[in-house]
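Input: a single structure, listed below in structure tokens.
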Amino acid sequence: MENNEEIYLDDEFMSNLMENDAIGSFIRQGEAFKTLMAYYKCAIMEIETKFNVLNEDFSAEYDRNPIETVKTRLKSPESIIEKLHRKQLPFSAESIEQNLNDIAGVRVICAFPEDIFLLSDCLLQQDDVKLIKKKDYISNPKPNGYRSLHLIVEVPIFLHTEKRFMKVEVQFRTIAMDFWASLEHQIYYKKGHDAIELREELKNCAEVSAALDLRMQNIRAQINEE
């Protein structure tokens, strides 16, 4: 679920892909692909439930909800094909599961930065959640100003015949970070890499938004102290 993760492919590109024998083989694995996507959907539901439970727990214990909203998404077949092609990976359901970590995505939107780290710690402390990879773009923003906390985690899903471990990408953002990322996404696809002035302005906005997040967090802390 990385920023700018969805790739929109034109008809000519897709036509060229379909003519490739490897892609044709991948497309013919329709049932295996469909089953794998169902497993990823189950993994998304597992993670989403965990956050809903945490939110209820904080509400009951501290009379506050650290989560503003939870968004989920399953990567589109077109984007999966494009990513396999770009990485020169085999076109198969097995290749997807072994090599791609962002098929299933969950985005958690919080009001304050400290809630991001609180919730991520709560998630990782659960004994059925395994951390695969962590990228902290809040403490270390990307050069363009992008801020978010990314986790790749593995969780079990319980099927009628087996317990299966699936990977999910979990992103944590504040409301301001999410709004900024949405605008950056629009600029990327509508203006491309040539919108230098817009990108510089957007980077400045990221700095302002981050400062505002911390000021609002400090205000909340003062209210709680009083």
Side-chain angles (χ1 to χ4, degrees), residues 1-9 44 47-48 50-52 54-55 58 64-76 78-79 82-83 86 100-124 131-153 168-223:
M1 199 165 179
E2 296 176 357
N3 200 37
N4 296 334
E5 74 279 8
E6 292 299 331
I7 306 295
Y8 298 93
L9 309 177
I44 286 173
I47 293 293
E48 188 174 17
K50 288 179 179 296
F51 284 119
N52 288 336
L54 284 171
N55 213 31
F58 276 97
R64 74 180 187 89
N65 297 102
I67 299 174
E68 291 293 321
T69 186
V70 176
K71 303 177 183 179
T72 65
R73 74 102 179 89
L74 195 65
K75 204 170 187 68
S76 71
E78 293 82 4
S79 292
E82 190 279 335
K83 192 163 190 177
R86 174 161 42 88
L100 302 186
N101 294 330
D102 62 344
I103 303 301
V106 175
R107 182 174 296 153
V108 182
I109 311 300
C110 304
F112 305 101
E114 65 182 9
D115 288 336
I116 288 176
F117 296 102
L118 173 64
L119 287 167
S120 65
D121 287 344
C122 287
L123 177 67
L124 295 177
L131 177 64
I132 304 299
K133 185 183 296 185
K134 178 178 180 179
K135 291 184 178 180
D136 184 358
Y137 296 118
I138 298 176
S139 303
N140 301 286
K142 288 187 177 183
N144 67 348
Y146 176 78
R147 286 170 167 80
S148 184
L149 177 64
H150 293 196
L151 305 178
I152 303 296
V153 299
V168 180
E169 182 185 50
V170 184
Q171 289 183 357
F172 297 87
R173 296 175 182 171
T174 64
I175 299 169
M177 291 174 195
D178 193 53
F179 178 60
W180 182 94
S182 176
L183 185 58
E184 198 274 343
H185 183 82
Q186 293 180 44
I187 290 176
Y188 181 85
Y189 282 103
K190 291 184 178 180
K191 299 294 185 179
H193 295 283
D194 298 327
I196 298 176
E197 291 184 4
L198 282 178
R199 289 185 175 280
E200 190 62 33
E201 177 66 15
L202 198 62
K203 183 177 180 180
N204 292 335
C205 288
E207 300 291 339
V208 173
S209 295
L212 181 60
D213 273 344
L214 293 178
R215 290 178 66 181
M216 297 291 283
Q217 183 172 278
N218 289 335
I219 290 173
R220 183 183 71 166
Q222 292 178 40
I223 292 173

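For this chain, numbers begin at 1 and follow the sequence in order.
The two residues I44 and A104 come nearest to each other via the heavy atoms CG1-CB, 3.6 Å.
Atoms CZ and CG, on F172 and L151 in that order, are 5.0 Å from each other to the nearest 0.5 Å. If you take CZ on R173 and NE2 on H150, they are separated by 6.0 Å, rounding to the nearest 0.5 Å. Distance check, rounded to the nearest 0.5 Å: OG of S209 to CD1 of I175 gives 11.5 Å. To the nearest 0.5 angstrom, C110 atom SG is 9.0 Å from M177 atom CE. Atom-to-atom distance recorded for I109:CD1 and K71:NZ is 5.0 Å, nearest 0.5 angstrom. Here the NZ-OG distance, from K142 to S148, works out to 9.0 Å after rounding to the nearest 0.5 Å.
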Identify every side-chain donor-acceptor pair in residues 213-220 under 3.5 Å, counting partners at least two apart or on other chains, and give the distances.
unit_1: D213; atom_1: OD2; unit_2: T174; atom_2: OG1; d: 2.7
unit_1: Q217; atom_1: OE1; unit_2: E114; atom_2: N; d: 2.7
unit_1: N218; atom_1: ND2; unit_2: L214; atom_2: O; d: 3.2
unit_1: R220; atom_1: NH1; unit_2: D115; atom_2: OD2; d: 3.2
unit_1: R220; atom_1: NH2; unit_2: E114; atom_2: OE2; d: 2.2

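For the pair R147 and E207, the salt-bridge criterion is met [side-chain N within less than 4.0 Å of a carboxylate O].
None of L118, N65, I67 except one satisfies the side-chain contact (heavy atoms from CB on, under 4.5 Å) rule with F58; the exception is L118.
Using cut-offs of 30° and 60° for the angle between ring planes, the Y146 and W180 rings count as tilted.
Looking only at side-chain heavy atoms (C-beta outward), N144 and L202 stay at 4.5 Å or farther from each other. Residues I103 and K75 are in side-chain contact: their nearest non-hydrogen atoms beyond the backbone lie under 4.5 Å apart. Side-chain contact check for L149 versus K134: some heavy-atom pair is nearer than 4.5 Å. Between F179 and C205, every side-chain heavy-atom pair lies at or beyond the 4.5 Å cut-off. Counting heavy atoms from C-beta outward, D102 and R73 have side chains that approach closer than 4.5 Å.
Shown here are the side chain to side chain contact (heavy atoms under 4.5 Å, CB included) partners of N52, two or more places apart in sequence or in another chain: E48.
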Requested in this report: Take V108 and I116 through the side chain to side chain contact (heavy atoms under 4.5 Å, CB included) test and state the conclusion after the steps.
Outcome: CA-CA 8 Å; V108 182; I116 288 176; over 6 Å; no
